[in-house]
Structure formats: C-alpha cells, structure tokens
*Asks:* 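Starting off with a structure, shown below.
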Amino acid sequence: MPLRLLSFLLLCLVLPARAQVADSVALDEVEVTAQRWQPAERTAQVTSIDAEQVERAGAVSLADVLESHSSAFARRYGPAGLATISLRGTSAGQTAVLLDGFPIANPQLGQVDGSLVPAFAMGRIDVLSGAGSVWHGSQAVGGVVNVTPRMARGRLIGVDGEAGAWGERTVRLRAAAGPVLIAAEHASGDVDFGYTLQRPDGEQHVQRDGAGFERTSILATARHGSTRGGLLGSISARELPGPAGRAPQDEQQDDTSLNAWARHVRQVGGAVVELGAMAGWADLRYRSPGLDIDDTGSTRTAYVEATYARPFLSGSVDAGASLQHAVATHPSLAREASETTGSAWANAAVSQG
C-alpha cells in the first residue's frame with residue numbers, strides 16, 4: 001500500500017476520535033495542603049492513603065496500613081512485638097515518621113514502633129519514598145511517613161468493634177461536636193495457636209502462647225481559626241513469647257506514650273508564617289522474671305519549629321528552623337542523659353511559564 005494512502009487512512013481513523021467530547025463529571029471538594037515534610041517542588045514519589053482506605057483495610061496499626069497500601073516495609077518481631085518501618089532498603093532509623101509534621105521517633109531507640117500507632121486516629125497518611133534529609137536530617141534518608149490525625153467534620157457519635165482469630169477483640173468510640181473530636185480504642189488478643197512440628201520420631205503438636213497483648217489509645221483534636229492541635233496517647237502491655245519451640249519465659253513489655261501538639265498559621269503581608277510545637281513523653285518497661293530484670297526507660301521531648309513562605313517573582317521562597325530537646329533516663333545510664341539538636345533550611349523554586 002502506498003505510504004500516502006496509508007497515512008490518509010490513519011488520519012481518518014484518528015480525527016473522529018479526537019472530535020469526541022468527554023462527559024463532564026462533578027467531583028467532591030478536594031483539600032490540598034503542603035508542609036515542610038512535602039515541599040511543593042519535589043522529585044520523590046508520594047503515596048497518599050485516606051481514612052476510608054484505612055477503614056476498608058481493617059487495619060489496627062500504622063504498620064498494618066503501610067504493609068497493604070504503600071511501598072514501606074514493616075519488620076515485625078513476633079505476633080505482638082515491635083514493628084519497625086523503613087523505606088527503600090534503609091534502616092528504621094533512617095525513615096522519618098511524623099505526626100502532623102512533627103517527628104515522633106523515640107530518642108533512645110531512634111525509631112518508631114509502628115504497631116503502637118493506632119490506625120483509627122489517622123485521617124490521612126502520606127508516604128514520601130525518597131531522600132528527605134535536607135528537611136529532616138539523617139532520619140529521612142530513606143523517606144518520610146507523615147500521619148495527619150483525624151479532625152472533626154460535623155457532629156458524630158459512633159461505636160463499633162470487631163472480633164477475630166486468637167481472641168482478638170477491638171472496640172472503638174468516636175464523638176465529634178463542632179471543631180472538637182474525641183476518639184478512643186481498646187484492643188486485646190491472646191494470640192495463642194497450635195501448630196505441628198515434624199520430628200524424626202513423628203509429629204508433635206505444639207501450643208504457641210505467651211504472645212498476648214492489650215492496648216488502649218485515645219485521640220483528641222481541635223481546630224480554631226488558623227490554629228489546630230491535638231493529643232495522642234497510648235498504653236500497651238504485651239507478652240514476649242521468645243523463640244519458637246520453647247516455653248514462654250513470662251517476659252513482658254509495657255509501653256506508655258503521650259504526644260501533644262499545636263500549629264498556628266498566620267498571613268504576614270504576602271507571606272505565610274507557620275509556628276508549631278510538640279511535647280512528648282514515653283515510658284518503656286521490660287520485665288523478665290527468669291532473668292530477674294525489671295527495667296523502665298523514660299524519655300521526655302520538646303520540639304518547636306517556625307517556617308516562612310512567600311511568593312517571589314515567578315516562583316516562591318520558603319525557609320524554616322527547628323529545635324528539639326530530649327531527656328532520657330534508664331537503669332543502664334549512670335545519670336540522666338540529654339540532647340539538644342537544631343536545624344535550619346531554605347528552599348527556592350522558580351516556575352517557567
């Protein structure tokens with residue numbers, strides 16, 4: 001077939017398709033926000049998970065959500081044990097986990113236990129898979145996980161719960177009025193199950209126990225004008241079963257944490273100034289009767305930050321600074337340990353039109 005005739009036929013097929021008019025679709029209102037953890041000009045991939053996806057997944061913790069809806073890796077140490085979070089092959093200490101833009105890693109451990117961050121408190125989760133160390137230091141070499149807490153949307157009073165295998169039970173309560181939301185959750189489970197071992201002398205049935213857990217969490221958030229804030233607390237007790245095939249040693253770990261934060265945004269001339277502060281408290285108690293150990297480690301943290309953003313010519317300029325102070329006590333430490341860190345950053349973007 002001559003080349004000109006073939007080109008004419010292809011053109012005839014394409015033109016009618018281009019002439020079609022697509023049906024219009026009305027979309028719901030979309031809220032777009034930007035924070036320091038997610039600069040407007042970025043090259044890293046960001047995955048967003050909304051509250052509806054979290055509920056459909058039936059997730060109990062942050063680790064559960066990230067495993068099923070993102071590229072983040074949750075390494076679990078037993079059915080009721082620690083669950084660390086990492087991105088892009090880095091360690092858990094190189095992945096920043098934020099609550100409303102504030103870092104919540106335990107200063108003593110340098111990481112976040114994803115099994116203790118309750119899923120019911122999450123309004124949205126954004127996972128930035130790419131280096132964010134310019135904004136968050138070495139804790140964000142692999143990426144950033146930012147949890148935006150739930151906020152009140154109208155009036156609401158609700159109670160729900162669920163039950164599963166191995167004695168798992170969960171009960172949740174939510175109440176909202178105006179700009180205030182209060183939510184609570186209680187979860188527990190025996191995590192006792194049986195399995196069969198293949199031995200040279202035959203099969204042996206083993207009952208796996210000593211991995212029960214119990215956790216109570218509470219979330220309170222409020223918004224007033226350009227100021228928002230909240231409180232997230234959790235009390236958890238869990239058994240540590242030890243190696244498979246061995247009887248439980250009655251080891252147990254108790255975790256207690258409380259984070260309170262607030263943010264204020266103000267227009268100053270043509271610029272946007274944002275001020276934020278968070279105070280955190282965490283206790284970790286480890287008990288092992290067989291080893292005669294009963295140790296409790298405590299940390300106290302205070303974090304403040306300020307950011308400034310202003311349009312400039314055909315782009316924008318934003319900058320900020322942060323300061324964090326942490327204090328830790330533990331029987332293995334000769335005296336109280338403290339650490340103060342600070343950082344400053346600036347970013348400029350120019351758009352070509």
Side-chain angles (χ1 to χ4, degrees), residues 30-54 57 59 61-75 83-106 110-115 117 119 121-151 228 230 232 259 261 263 265 272 274 276 278 303 305-309 315-322 324 341 343-349 351:
V30 177
E31 179 181 353
V32 179
T33 61
Q35 291 179 314
R36 173 168 68 96
W37 70 270
Q38 183 182 327
E41 298 295 329
R42 55 175 171 78
T43 57
Q45 177 186 358
V46 174
T47 301
S48 296
I49 308 166
D50 59 29
E52 185 178 345
Q53 290 175 290
V54 173
S61 67
L62 175 63
D64 298 334
V65 179
L66 295 178
E67 279 182 319
S68 58
H69 286 83
S70 76
S71 59
F73 173 65
R75 172 173 291 177
T84 61
I85 299 168
S86 59
L87 283 164
R88 301 172 61 240
T90 58
S91 67
Q94 295 175 319
T95 298
V97 180
L98 313 178
L99 177 64
D100 201 8
F102 296 104
I104 57 173
N106 188 305
Q111 59 191 18
V112 171
D113 186 348
S115 68
V117 182
M122 303 170 191
R124 191 181 74 238
I125 306 171
D126 297 283
V127 182
L128 188 150
S129 299
S133 54
V134 173
W135 290 271
H136 298 284
S138 60
Q139 280 195 330
V141 172
V144 181
V145 176
N146 184 67
V147 177
T148 301
R150 287 179 180 266
M151 302 296 292
R228 70 178 187 270
L232 178 62
N259 289 291
W261 74 95
R263 284 192 178 277
V265 182
V272 177
E274 184 169 345
M278 170 178 271
Y303 180 91
E305 71 173 26
T307 62
Y308 172 93
S316 63
V317 174
D318 53 299
S322 65
Q324 183 175 18
T341 59
S343 64
W345 57 272
N347 179 61
S351 59

*Asks:* I need the Gln94 CD to Ser86 OG distance, nearest 0.5 Å.
*Replies:*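 So the gap between those two atoms works out to 9.5 Å.
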*Asks:* Please examine the side chains of Ser322 and Trp345, heavy atoms only from C-beta on, and report whether any two atoms are closer than 4.5 Å.
*Replies:*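 Result no, sub-4.5 Å side-chain heavy-atom pair not found.
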*Asks:* Using a 3.5 Å distance criterion without hydrogens, assess whether the side chain of Thr95 forms a donor-acceptor pair with backbone atoms of Ala92.
*Replies:*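 No; zero donor-acceptor contacts below 3.5 Å.
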*Asks:* Given side chains that start at C-beta, do those of Leu98 and Val147 come closer than 4.5 Å, heavy atoms only?
*Replies:*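 No - every pair of side-chain heavy atoms lies 4.5 Å or more apart.
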*Asks:* I need the Met122 CE to Gln53 CD distance, nearest 0.5 Å.
*Replies:*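 Going from the CE atom of Met122 to the CD atom of Gln53 covers 13.0 Å.
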*Asks:* Does either side chain, that of Ser115 or that of Ser61, offer a donor lying less than 3.5 Å from an acceptor on the other one?
*Replies:*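 Note: Ser115 and Ser61 side chains miss the donor-acceptor criterion.
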*Asks:* Looking at CG of Asn146 and CD1 of Ile104, how far apart are the two atoms once the value is rounded to the nearest 0.5 Å?
*Replies:*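 Spacing of CG (Asn146) from CD1 (Ile104) equals 9.5 Å.
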*Asks:* So, the side chain of Asp100 versus the backbone of Thr148: is there a donor-acceptor pair under 3.5 Å, distance only?
*Replies:*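 Checked: no pair found.
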*Asks:* Any side-chain heavy-atom pair from Asp318 and Thr307 closer than 4.5 angstrom?
*Replies:*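 A side-chain contact under 4.5 Å is absent here.
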*Asks:* Once rounded to the nearest 0.5 Å, what's the spacing between atom OG1 of Thr90 and atom CD1 of Ile85?
*Replies:*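 Thr90 OG1 to Ile85 CD1: 11.5 Å, rounded to 0.5 Å.
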*Asks:* Between Val265 and Val272, is the side chain to side chain contact (heavy atoms under 4.5 Å, CB included) condition met? List the steps.
*Replies:* CA-CA 7 Å; Val265 182; Val272 177; 3.6 Å; yes
*Asks:* Evaluate the side-chain proximity of Asp64 to Leu62: yes if any heavy-atom separation is below 4.5 Å, no if none is.
*Replies:*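 A side-chain contact is absent here, since even the closest heavy-atom pair is not under 4.5 Å.
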*Asks:* Can you tell me how far CD1 of Ile49 sits from NE2 of His69, rounded to the nearest 0.5 angstrom?
*Replies:*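 The CD1 atom of Ile49 is 6.5 Å from NE2 of His69, to the nearest 0.5 Å.
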*Asks:* Between Arg263 and Glu305, is the closest basic N to carboxylate O distance under 4.0 Å?
*Replies:*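 Salt bridge present between Glu305 and Arg263.
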*Asks:* Just so I know, are the side chains of Val127 and Leu66 near enough to count as touching, which here means a heavy-atom distance under 4.5 Å?
*Replies:*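 They are in contact (side-chain heavy atoms under 4.5 Å apart), so the answer is yes.
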*Asks:* Less than 4.5 Å apart, side chain to side chain, heavy atoms only: is that true for Phe73 and Leu87?
*Replies:*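 Phe73 vs Leu87: side chains apart.
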*Asks:* Checking Ser70 against Thr47: is there a side-chain donor and acceptor pair closer than 3.5 Å?
*Replies:*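 Short answer, no.
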*Asks:* List the steps and the verdict of side chain to side chain contact (heavy atoms under 4.5 Å, CB included) for Asp113 and Thr84.
*Replies:* CA-CA 5 Å; Asp113 186 348; Thr84 61; over 6 Å; no
*Asks:* If you round to the nearest 0.5 Å, how far is CD of Gln111 from CZ of Arg75?
*Replies:*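 The CZ atom of Arg75 sits 10.5 Å away from the CD atom of Gln111.
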*Asks:* Using side-chain heavy atoms (C-beta onward) and a distance below 4.5 Å, is Val97 in contact with Pro103?
*Replies:*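 Not touching, per the 4.5 Å side-chain cut-off.
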*Asks:* Are the side chains of Trp261 and Leu232 in contact, using a 4.5 Å heavy-atom criterion?
*Replies:*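 Yes, close enough: below the 4.5 Å cut-off.
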